[in-house]
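So you know, we letter chains A, B, ... as the sequences are listed, proteins then strands, and number each from 1.
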Amino acid sequence: MSLEDRTRWEPAEAEPRIAERWIASGINHPDPDVGGEPFSIAVPPPNVTGALHMGHALNGSVQDALIRFHRLRGRPTKWIFGTDHAGIATQSQVEKALAREGTSRQEVGREEFVRRTWAWREEHGGIITGQFKRLGCSLDYDDERFTMDERYARAVLEVFVALYEKGLIHRDTYLVNWDPGLGSAVSDLEVEDREVTDTLYSIAYPLVDGDGEVVVATVRPETMLGDVAVAVNPHDERYAGMVGREVRLPLTDRVLPIIADEYVKTDFGTGALKITPGHDPNDFEIGRRHGLDALTAIGEDGRMTELAGRFAGLPAAEAQQAVVDALREEGLLRAEEPYTHVVPFSHRSGERIEPLISLQWFCRMEELAQPAIDAVRDGRVRIHPPSQEKRYLDWLAEIRPWCISRQLWWGHQIPVWYRGEETYCGIEPPEGEGWERDPDVLDTWFSSGLWPFATLGWPEATPELGAFYPTDVLSTARDILFLWVARMVMLGLEFTGDIPFRDVYCHSVIQAPDGRRMSKSLGTGIDPLELIEQHGADATRFGLLAMSSTQDVRFSEEKIAQGAALANKLFNASRFVLLRAQPVEPRPMGGQVEDRWILSRLHRARAAFEEQIAAFDFSKAAFGLYDFVYGELCDWYLELLKGREFDEALSAHLLYVLRETLALCHPIIPFVTEELWQQVPGTHGLLAAHTMPPLEGAVDEAAEREVETVIAVVQAVRSWRDASKVPPGERLEARVDGLDGLAALVSRLARLELVGGDSREPVATIPVAGLQVELLTGVDPQEAARKAAAERARLESEIKRAEGKLANQGFVAKAPEAVVAAEREKLERLREELEAL
RNA sequence: GGGCGGUUAGCUCAGCCGGUCAGAGCGCCUGCCUUACAAGCAGGAGGUCCCCAGUUCGAGCCUGGGACCGCCCACCA
């Protein structure tokens, strides 16, 4: 497998082999006592039974770039690894499996169901671990956490108990978002609005005392059985005098008061609103304001309750039809019209949310939110990009109670027991007989809110916690900024007294190439593993980072291909160097101008890369590497030095530049750089474990100017040849004054035979970079004349523009002097060039 | 209903404080197997910077208005 025989970088063969070496080497598992300035990241824990999707792949690329970047700079790095039990998602997977077996969770019972879920996790968990390894992620696989592990679970209960004892957690009946598909309450954040077209029914409620009626409108007529009042706006003249009177609730023998509330809009519908606190969030609020009961007409099972009288037991949808029919029969149905509006759907099950009154656990958030607001306001936690910071602050400023109980079986069961009127909250079960534990479990985000510190052993003061907390960066898609990030900040501050991370980086969401969301159900998903398979992990990482931005981006496979091209380019450039250089210790000792130039450019590339990583600008960082490797190292430096003897000085210099280039690129394309690193004489061990010393030498502006001149001249001659139909290979005699030491380089790359002291008239002149390239032979005079005429026209028009600008008194008077001077110089130069023609 | 962002080459995107800012990659055209790479090299063509006003000596860049496209928050029956 010598380098001679491999003209292409084959990631499929090399990458898995390299990944294994990294893992075996132990670099991913740092010693907390090693000292130094640790750098840590807690990975957003994927669902334990999940698989790598595009978001994971991008986020993994981001975090791994950061981890490797800082490890290369000598910091002990820990990338905390683990998975989330993902209550709802996992439970529904197992429920589906049970359904396939023809059974159900209710049938097997809770204990067996939980056992089955653990077994499911054994069987299907860990897939994503292997996928992260394949992507090259330097996660601490030896120290894997799971949110349901015994230690972690204990931390969760400890937090619950502490918040309970502090009075922040309480139990209350409340109107919650009931997900009928799940049979559980879900939080506001797990609900999405969808537009649907319903029928809006107008129903007459007859007045009790005499003639007349009040007409109300609703899309949910069946909920009228839970009505407790009719509300009108106090300023609505149509209903003046109505307030305080009563109506009869049709289909029942109940009587409802007419109340006044500012909430009711006078310009919408009939201006009268039926109040159903048990099934509508606004009505719930109004009901509380007026001291009205919240009646439940629809139960958690989706069927009508006893309150519904003759409709009791009917599923809500059927009841709706029955109620409408009954109303029509009684002549109380005043109108039916189609009505399009947005209604909440469960993000989880996709079913329409049924607002229901139920007994749930809530966490009061204001006291937790304030410190989390302060932490961002005063810059202890920085959110990138800043637009997300605004979202975060706005959300926290208007935070509402968090419903933390879920009617699931898979999760952390709430540590509260009841016995008659008694309630006990504690980590350990209460003493004595007859206690019954609350059946609900905690919202998954409650446990993942502890992720950055519970993973490190909190509440125990472990060495890991001391060394790696607070973590440095939290990288995530912005869709879980509230769901997860804000809660980590709140809980971190509350329980550790410190922020959980210093920087929050919100990466792009990658959309399908057509701009739609990437999703399995839409069929728009792209499997990152297929990309890795096809182009390599390096290419995939590069491409994803190159695509990323501060906003959503469309997926483009070209960027992945560009990454593959870069890996291949680096591989071949390295072959070129390694197959020619003498095996000497790499060090900068090249004496030619191009040697100083490339080292200078490397300095700049490295400085720019460091700035871009610090600014979380991964796209620029990736393209910066590409431009350096392609545009400078390969296109020019390696070409400029061809023809030179690979003596010790050049060998050492080349190897130095190569070695440092590999180290520079490693955070983004770790595999190919690791593989090549092994071939560079004088390197020891893994590049992944290497500490980069400061770069030797310095920016050399003189060398940069000289090589810029060479490049400009060569490009001008090539371009001229192309336009003049002079074959690129044909050697032309030419005269260029002022090239001095650069003559040899220009001569070779531009294929010119440079002659001095020759007084022949040039057949063509190419002005470039303040020099004149005068061609003496090989030119068709007519072509040359045409070319010159075109060039003259171009120069004349530019001169005209510059003259016009300078003739403008306003410009000369008001523009900064430097700008005016630059314009004058430019004009001068253009005139000279024209003169030379 | 509120908030945020976007609109630049055929495609995907860069363009900091207004003055070399009209760019990159891919695609396309032309020519090259130049002793690392044809998944390569060299050269080139392509744009009314969404529209309309305005500020300015000067506007993709700033201001106002408009159009279109996203996203987030908000539960008017």
Side-chain angles (χ1 to χ4, degrees), chain A residues 3-4 6-9 177 188-189 191 193 200-202 216-220 223 231 263-265 267-276 280-283 339 341-344 353 355 385 387-388 390-391 394-395 398 478-479 481-482 509 511 513 515-517 535 543 546-547 549-559 561-562 564-565 567-580 619-620 623 626-627 630-631 634-635 638-639 642-643 714-715 718-723 725 727-729 748-749 751 805 808-816 818-820 822-823 826:
Chain A
L3 277 180
E4 278 99 340
R6 299 166 69 193
T7 60
R8 287 193 335 220
W9 168 242
N177 301 304
D188 291 339
L189 293 170
V191 166
D193 286 334
L200 183 66
Y201 298 93
S202 295
V216 299
T218 180
V219 293
R220 302 284 312 276
T223 65
Y263 170 80
V264 185
K265 304 282 180 292
D267 58 354
F268 191 90
T270 60
L273 178 62
K274 71 195 245 330
I275 300 300
T276 321
D280 182 278
N282 292 314
D283 294 5
Y339 181 67
H341 60 151
V342 293
V343 296
I353 290 295
S387 56
Q388 299 307 315
K390 180 175 159 41
R391 284 182 66 218
D394 288 353
W395 185 76
E398 288 180 53
R478 59 171 185 280
D479 55 351
L481 190 63
F482 311 146
V509 171
Q511 301 169 331
R516 287 188 295 170
R517 231 187 161 71
H535 301 282
M547 266 176 249
S549 154
T550 54
Q551 61 181 49
D552 291 355
V553 290
R554 294 189 184 194
F555 180 79
S556 75
E557 196 155 345
E558 287 80 39
K559 295 286 188 293
Q562 205 178 339
N568 187 247
K569 194 71 174 173
L570 205 48
F571 180 75
N572 277 297
S574 301
R575 283 180 64 218
F576 176 78
V577 172
L578 294 168
L579 293 175
R580 283 166 182 72
S619 175
K620 276 213 193 97
F623 284 125
Y626 181 92
D627 290 340
Y630 258 82
C634 295
D635 288 353
L638 297 185
E639 294 302 325
K642 279 179 182 173
V714 170
Q715 282 179 332
R718 282 174 179 166
S719 174
W720 188 90
R721 276 178 195 268
D722 195 63
K725 306 279 184 280
R748 199 163 47 73
L749 290 189
R751 305 201 177 221
K805 215 168 174 183
N808 181 337
Q809 284 309 311
F811 175 71
V812 178
K814 297 192 181 176
V819 175
V820 179
E823 200 61 37
K826 183 179 172 187

Spacing of [X] atom [atom1] relative to [N] atom [atom2], expressed in whole Å:
{"X": "A:Leu749", "N": "B:rU35", "atom1": "CG", "atom2": "C1'", "answer": "15 Å"}
{"X": "A:Gln562", "N": "B:rC26", "atom1": "CD", "atom2": "C1'", "answer": "8 Å"}
{"X": "A:Ile275", "N": "B:rC76", "atom1": "CD1", "atom2": "C1'", "answer": "12 Å"}
{"X": "A:Leu570", "N": "B:rG40", "atom1": "CG", "atom2": "P", "answer": "14 Å"}
{"X": "A:Asp188", "N": "B:rA74", "atom1": "CG", "atom2": "P", "answer": "7 Å"}
{"X": "A:Leu638", "N": "B:rC37", "atom1": "CG", "atom2": "P", "answer": "12 Å"}
{"X": "A:Asp193", "N": "B:rG1", "atom1": "CG", "atom2": "P", "answer": "15 Å"}
{"X": "A:Asn572", "N": "B:rU35", "atom1": "CG", "atom2": "C1'", "answer": "14 Å"}

* Structure fact -> All heavy atoms of A:Arg6 vs all of A:Trp9, minimum pair found to be NH2-CZ3, 4.0 Å

* **Heavy-atom closest pair, residues A:Ser619 and A:Ala546** => OG-O, 2.9 Å

With rounding to whole Å, what would you report as the distance between [N] and [M] at their [atom1] atoms?
{"N": "B:rC62", "M": "B:rC16", "atom1": "C1'", "answer": "15 Å"}
{"N": "B:rG60", "M": "B:rG43", "atom1": "P", "answer": "29 Å"}
{"N": "B:rG46", "M": "B:rC29", "atom1": "P", "answer": "16 Å"}
{"N": "B:rC49", "M": "B:rA9", "atom1": "C1'", "answer": "10 Å"}
{"N": "B:rG19", "M": "B:rU63", "atom1": "P", "answer": "15 Å"}
{"N": "B:rG6", "M": "B:rA14", "atom1": "C1'", "answer": "14 Å"}
{"N": "B:rC76", "M": "B:rA24", "atom1": "C1'", "answer": "50 Å"}
{"N": "B:rG47", "M": "B:rC11", "atom1": "P", "answer": "13 Å"}

* Report the stems of RNA chain B as range-with-range entries sorted by first number; a stem here is at least three consecutive pairs, Watson-Crick or G-U wobble, both distances under 3.5 Å, and write none if there are none. => B:1-7 with B:67-73, B:10-13 with B:23-26, B:28-32 with B:40-44, B:50-54 with B:62-66

* Can you list the residues that meet the side chain to side chain contact (heavy atoms under 4.5 Å, CB included) rule with A:Ser202, with sequence neighbours excluded? -> A:Val215, A:Ala217, A:Arg334, A:Ala335

* Quick one: side chain to side chain contact (heavy atoms under 4.5 Å, CB included) partners of A:Arg554, sequence neighbours excluded? -> A:Gln511

* To do: Determine yes or no for a side-chain-to-main-chain donor-acceptor pair under 3.5 angstrom, with A:Asn572 supplying the side chain and A:Asn568 the backbone.
  => yes

* To do: Would you mind building the protein contact string for nucleotides 41-47 of chain B? One character per nucleotide, 5' to 3', B for base within reach (heavy atoms under 4.0 Å), S for sugar-phosphate only, - for untouched.
  => SSSS---

* Structure fact -> Protein-proximity profile, nucleotides 3-14 of chain B, B/S/- by nucleotide at the 4.0 Å heavy-atom cutoff, equals SSSS-----BSS

Mind checking if [X] touches a base, just sugar-phosphate, or nothing, with heavy atoms under 4.0 Å?
{"X": "A:Val264", "result": "base"}
{"X": "A:Phe571", "result": "nothing"}
{"X": "A:Gly271", "result": "base"}
{"X": "A:Arg8", "result": "base"}

* To do: Based on the glycosidic angle (syn within 90° of 0, else anti), state the conformation of B:rG70.
  => anti

* Structure fact -> Syn within 90° of 0, anti beyond: B:rG31 is anti

* Take atom CZ of A:Arg517 as the centre, draw a 6.0 Å sphere, and report whether it contains more than 12 heavy atoms from other residues, nucleotides or ligands. => no

* Of A:Leu200 and A:Arg391, whose nearest nucleotide on RNA chain B comes first from the 5' end? -> A:Arg391

* Would you sort out whether A:Val343 and A:Ile353 count as a side-chain contact (heavy atoms from CB on, under 4.5 Å), showing the intermediate values? => CA-CA 8 Å; A:Val343 296; A:Ile353 290 295; over 6 Å; no

* Asked: Under 6.0 Å from the six-membered ring centre of A:Tyr626 and within 45° of its axis: does the NZ or CZ of A:Lys569 meet both?
  -> no

* When you get a sec, tell me which of B:rC76, B:rC26, B:rC73 is the closest nucleotide to the side chain of A:Phe482? => B:rC73

* From the options B:rC37, B:rC72, B:rU34, select the nucleotide whose nearest atom is closest to the side chain of A:Asn568. => B:rC37

* Check the angle between the aromatic planes of A:Trp395 and A:Phe482 and answer parallel, tilted or perpendicular using the 30° and 60° thresholds. => parallel

* How far apart are the C-alpha atoms of A:Arg391 and A:Gln388, what are their side-chain angles, what is the distance that settles it, and do they pass the side chain to side chain donor-acceptor pair (under 3.5 Å) test? -> CA-CA 5 Å; A:Arg391 284 182 66 218; A:Gln388 299 307 315; 2.7 Å; yes

* salt bridge (Lys or Arg N to Asp or Glu O under 4.0 Å) with A:Asp394: which residues, sequence neighbours excluded? -> A:Lys390

* **Gap separating the CZ atom of A:Arg748 from the CD atom of A:Glu639, nearest 0.5 angstrom** => 8.0 Å

* Walk me through it: do A:Lys642 and A:Phe576 pass the test side-chain contact (heavy atoms from CB on, under 4.5 Å)? => CA-CA 10 Å; A:Lys642 279 179 182 173; A:Phe576 176 78; 3.7 Å; yes

* A:Phe571 and A:Arg8: CA distance, side-chain angles, deciding distance, side-chain contact (heavy atoms from CB on, under 4.5 Å) verdict -> CA-CA 7 Å; A:Phe571 180 75; A:Arg8 287 193 335 220; 5.8 Å; no

